[in-house]
Amino acid sequence: MVLKVQKYMMCVTTLVVCLLSVQTVVAFRVANPLADNMVLQRDTVVRLWGFNASGAVTATVAGVKQTGVAHTNGSWEVEVGPFPAGSHGDIVILDKSGSSILLSNVLFGDVFLCSGQSNMVFAASQSYSAAQDIAAANDPKYQSIRLFTATPKFASAPCDEFPEVEQTWVQANGTTIGNPAPFTYFSAVCWLTGKHIFDALNGTVPLGLLTSAYGGTRVHSWSSPGAIAQCNQTTDTDPAMTLPSTRAESSTEKMFRPEGSGDSDLYFSMIVPVLRMRFKAIFWLQGESDVNPSDTQMQPQRGGAYYACQIKAMVSDWRIQFNTGDTVPFMWVQLSPWVGHEAATSYFQLPAIRQAQLSVTTLKNTGYASAVDLGDPDPSTNPWGGVHWRTKGPVGQRLGAVAMRLLHGVTAPISVSPVAVSAKVAASDTPGIVVDFDPVTTGVHGLKLQPQVCPFFALNQPDNVARCGWMEVLTGNGSWVNASFSVHDSTSLLVSAVGSQVRYLYADWPVATVYNGEGYPAIPFWFNVTGGQTAEVVTQ
C-alpha cells in the first residue's frame, strides 16, 4: 500500500502544546514540511523524518537506498544524498511492516527559509506590482521554483512539524503565488527575492521557497529560551498584544495581530519544525513590532539596545540549532519608512531599531537590503496600513543581489548600501562637516544625490515634528538644524553647517537623497563630529 501524504494538522489550537494527536487510525507518514513537489537542498546530506513507523525505515532516491532510524515512539529519521542540482524523481519510504510513503516530483536545488513578521507575510497579490508579478509567474520556467507556506501558529513547547500548513509544496505559477486573500500566500518578498536568484542563475538551479512568518510579532518570540537568556529577557508575555479596553481593534489590526507572542512561542512552532531541514540561506524581515511604544510597562524588553542584543543572539543561536555554524548566510531587510505608529515619545524608536538591526553585521556571512527609501507613497490609501509598504519589488531585487554576492560571489555591480564611517570638521578653507563613507560601499560611480520632497503625511504628526530625516546638525545652542549638503568627492559628503553632531535619515519617515551609482540608498547614521579622527557612533 502506498500512502501519499499532502497535509497534516498536528496541533489544533492557536496556542498549542506540540504532542502527537490521538488518531483513530495511526498512519505511517512524513512530517508536514515534507511533501510531493518539494525541493531538497542539493550537494549535501538531507534528512527526512516522520511518525508512526513499525521498525526500521528505508528511503530510496534515484535508485539509492538508505536505512534510517526508528524510535520506540514510532518517530523516524533517514538521511539521503547528496544529490546535485536538477536531480529529480520520486522518493519511496518503507518501514519494516511494508507500509510505504511516496513523495513524488521531488527536485534537488537550493532551499531558502523566509521568516519574520507581517511584511514577510505580505502577499504578492497585495503589492503595487501584483498584476505584473502574477502574470510573470505563469512562465513555465518558474515551475522549477516550489513554494511552501506554514500557517501562523504559536506553541508552548517544541514541535516536530508545523501545527498547520497553509500551502503545501506547489509549483510556482500565477495562481500559487497570487492568492487574493491578504497576508496568505505567497510572500511577495520571498517570491521576488527567489525569482531574482533563479533568473540570475539562468534557471539552472531549482529553488524551494519556504515561508514561516507571523505578523505583529517580536524578536523574542522567534528566539529560543537560551537566546533570550543572553539578553536578560525576563518577561514571558507581551503586553502589547492586549489592547486597552477603551479602544476597539481595527479590521487591519485583526489581520496581523497575534494572540500569543510570548517568549519562544514562534521559535517552538515555526522554526523548530524545520531544524532538521537544510537551507541554502535564510531571509528575515522583522522589527516593526519591536519599536518601543510609549507604554512604560513594556520598557524592560523593548528598544534599540535590547533589539541589537536579541536579534544577534537569535541568529547565533539559530546557527547552533540548525547545526550549520556560519556556513548558511542570514540576510535581512532594514526597516522601511513608517509614520503614525505612536505619539511623540516614539520619535527616535523606529530609527533606533533600524540601527540595532545592523548589529547582525558583526556576525560572519550576513548581509542586508535597506528599505529605508521604500515607504508607501500614500499610506492614507493603503488598506493594510502604512507599515505594510506596497513597493516590495526593489527589496526583492536588492535582497536577491545580496544573496548572489554571498552565495555565488557576484560582486559587480555591487549590492550594498553606502555606509558612512566617520564625521569630521572640514578643512579651514571649507567650513562645514565632512562625512566619509566606506569606499567599498559607494561603488565605481561614487555617491549621487537624488533630491526628494518631504511628503505631507510625514509633516502632519501629533508632535508637529517633521520626520523626514534631513541632514541635521547639533549646533552650539543645543538645537538641531537642517543643513544643506553636497557630494564632496566620490566617497564623502560636505555638510554646510558646523556643530558637534550630525545625523542623516534618523526619522520615522526618512526621505533618502544619498545613493550610490548602483541605486542603493545610504543607510541612516548619527555621529559625533571630531577633529579628523574616526567619529564615535551615537547610540540612542
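One is the number of the first residue; the rest follow in order along the sequence.
- Note on ring orientation: taking the six-membered ring where Trp is involved, the planes of Phe330 and Trp284 are tilted (angle from 30° to 60°).
- For the atom pair Leu399 CG and Ser370 OG, the distance stands at 11.5 Å (nearest 0.5 Å).
- Taking CD1 of Ile271 as the reference point, atom OG of Ser212 lies at 5.0 Å (rounded to 0.5 Å).
- Gln132 contributes no side-chain N or O that, together with a main-chain N or O of Ser129, makes up a donor-acceptor pair within less than 3.5 Å.
- In this structure, the side chain of Trp338 does not engage the main chain of Asp376 through any donor-acceptor pair within 3.5 Å.
- With contacts defined as side-chain heavy-atom distances shorter than 4.5 Å, the pair Trp191/Ile145 qualifies.
- No donor-acceptor contact under 3.5 angstrom links the side chains of Thr204 and Asn202, judged on distance only.
- Counting heavy atoms from C-beta outward, Phe148 and Val165 have side chains that approach closer than 4.5 Å.
- Scanning both residues, Phe122 and Ser127, for their nearest heavy atoms gives CE2-N, 3.7 Å.
- Partners of Asn119 by side chain to side chain contact (heavy atoms under 4.5 Å, CB included), not counting sequence neighbours, listed by chain and number: Leu285, Glu288, Val387, His388, Trp389, Lys392.
- Contact detail for Val39 and Phe108: the closest heavy-atom pair is CG1-C, 4.2 Å.
- Expressed to the nearest 0.5 Å, how far NZ of Lys141 lies from CG of Asn138 amounts to 13.0 Å.
- Between atom CD1 of residue Ile353 and atom CD of residue Gln355 there is a gap of 11.0 Å, rounded to the nearest 0.5 Å.
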Worked verdict on Lys280 versus Ile197 for side chain to side chain contact (heavy atoms under 4.5 Å, CB included): CA-CA 12 Å; Lys280 188 70 171 180; Ile197 297 168; over 6 Å; no

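- Residues meeting the ring-ring contact (aromatic ring centres under 6.0 Å, His included) test with Phe186, sequence neighbours left out: none.
- Looking at Ser415 and Met404, their side chains never come closer than 4.5 Å, going by heavy atoms from C-beta outward.
- The closest side-chain heavy-atom distance from Cys231 to His220 is not below 4.5 Å.
- Side chain to side chain, Ser223 and Gln310 meet the donor-acceptor criterion of an N or O pair below 3.5 Å.
- Between the side chains of Asn37 and Asn105, at least one donor-acceptor pair of N or O atoms lies under 3.5 Å.
- When side chains are defined from C-beta on, Val395 does not count as touching Leu192, because their heavy atoms never get closer than 4.5 Å.
- The closest side-chain heavy-atom distance from Cys190 to Phe283 is not below 4.5 Å.
- Contact detail for Ser125 and Gly178: the closest heavy-atom pair is CB-O, 4.0 Å.
- With hydrogens and angles ignored, the 3.5 Å screen pairs a side-chain donor or acceptor of Asn365 with a backbone N or O of Asp326.
- Between the side chain of Ser316 and the main chain of Ala313, no donor-acceptor pair closer than 3.5 Å is present.
- Separation of atoms OH (Tyr267) and CD1 (Ile228) is listed at 10.5 Å; rounding is to 0.5 Å.
- Counting heavy atoms from C-beta outward, Met277 and Val46 have side chains that stay 4.5 Å or more apart.
- The main-chain N or O of Val219 is found under 3.5 Å from a side-chain atom of Asp290 such that the two form a donor-acceptor pair.
- Applying the side-chain hydrogen bond (donor to acceptor under 3.5 Å, both in side chains) test between Tyr307 and each of Gln357, Gln286, Lys312 identifies Gln286 as the sole match.
- One N or O on the side chain of Trp49 and one on the backbone of Asp160 form a donor-acceptor pair closer than 3.5 Å.
- For the side-chain contact (heavy atoms from CB on, under 4.5 Å) criterion with Val170, the lone passing option out of Thr149, Ile177, Thr176 is Thr176.
- Of the possible polar contacts, one joining the Asn32 side chain to the Phe162 backbone as a donor-acceptor pair under 3.5 Å is found.
- Note: Asn52 CG to Trp76 CH2 = 10.5 Å, rounded to the nearest 0.5 Å.
- With 3.5 Å as the limit, one finds no donor-acceptor pair spanning the side chains of Thr44 and Arg278.
- In this structure a side-chain-to-backbone donor-acceptor pair under 3.5 Å is missing from Thr324 to Thr327.
- When all heavy atoms of Thr211 and Ser187 are compared, the closest pair comes out as OG1-CB, 3.7 Å.
- Pairing each heavy atom of Leu335 with each of Arg354, the nearest pair is O-NE, 2.9 Å.
- Atom NE2 of His408 has more than 12 heavy atoms from other residues, nucleotides or ligands within 6.0 Å.
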CA sep, side-chain torsions, deciding dist, call: Asp508, Val291, side chain to side chain contact (heavy atoms under 4.5 Å, CB included): CA-CA 10 Å; Asp508 290 352; Val291 173; over 6 Å; no

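- Taking the six-membered ring where tryptophan is involved, the planes of Trp318 and Trp222 are perpendicular, since the angle between them exceeds 60° and thus also 30°.
- Taking 4.5 Å as the limit, some side-chain heavy atom of Pro225 sits within range of a side-chain heavy atom of Phe268.
- Under the 3.5 Å distance criterion, the side-chain polar atoms of Gln143 are left unmatched by any main-chain donor or acceptor of Asn173.
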Step-by-step side chain to side chain contact (heavy atoms under 4.5 Å, CB included) determination, Phe112 to Thr193: CA-CA 10 Å; Phe112 297 92; Thr193 302; over 6 Å; no

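- Every residue meeting the ring-ring contact (aromatic ring centres under 6.0 Å, His included) condition with Phe198, not counting sequence neighbours, appears here in chain and number order: Tyr142.
- Considering every non-hydrogen atom in both Ala371 and Arg398, the closest pair reads CA-NH1, 4.4 Å.
- Of the possible donor and acceptor atoms, one in the side chain of Thr366 sits under 3.5 Å from a partner among the backbone N and O of Val360.
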Worked check of side chain to side chain contact (heavy atoms under 4.5 Å, CB included) between Thr168 and Met38: CA-CA 9 Å; Thr168 193; Met38 66 182 173; over 6 Å; no

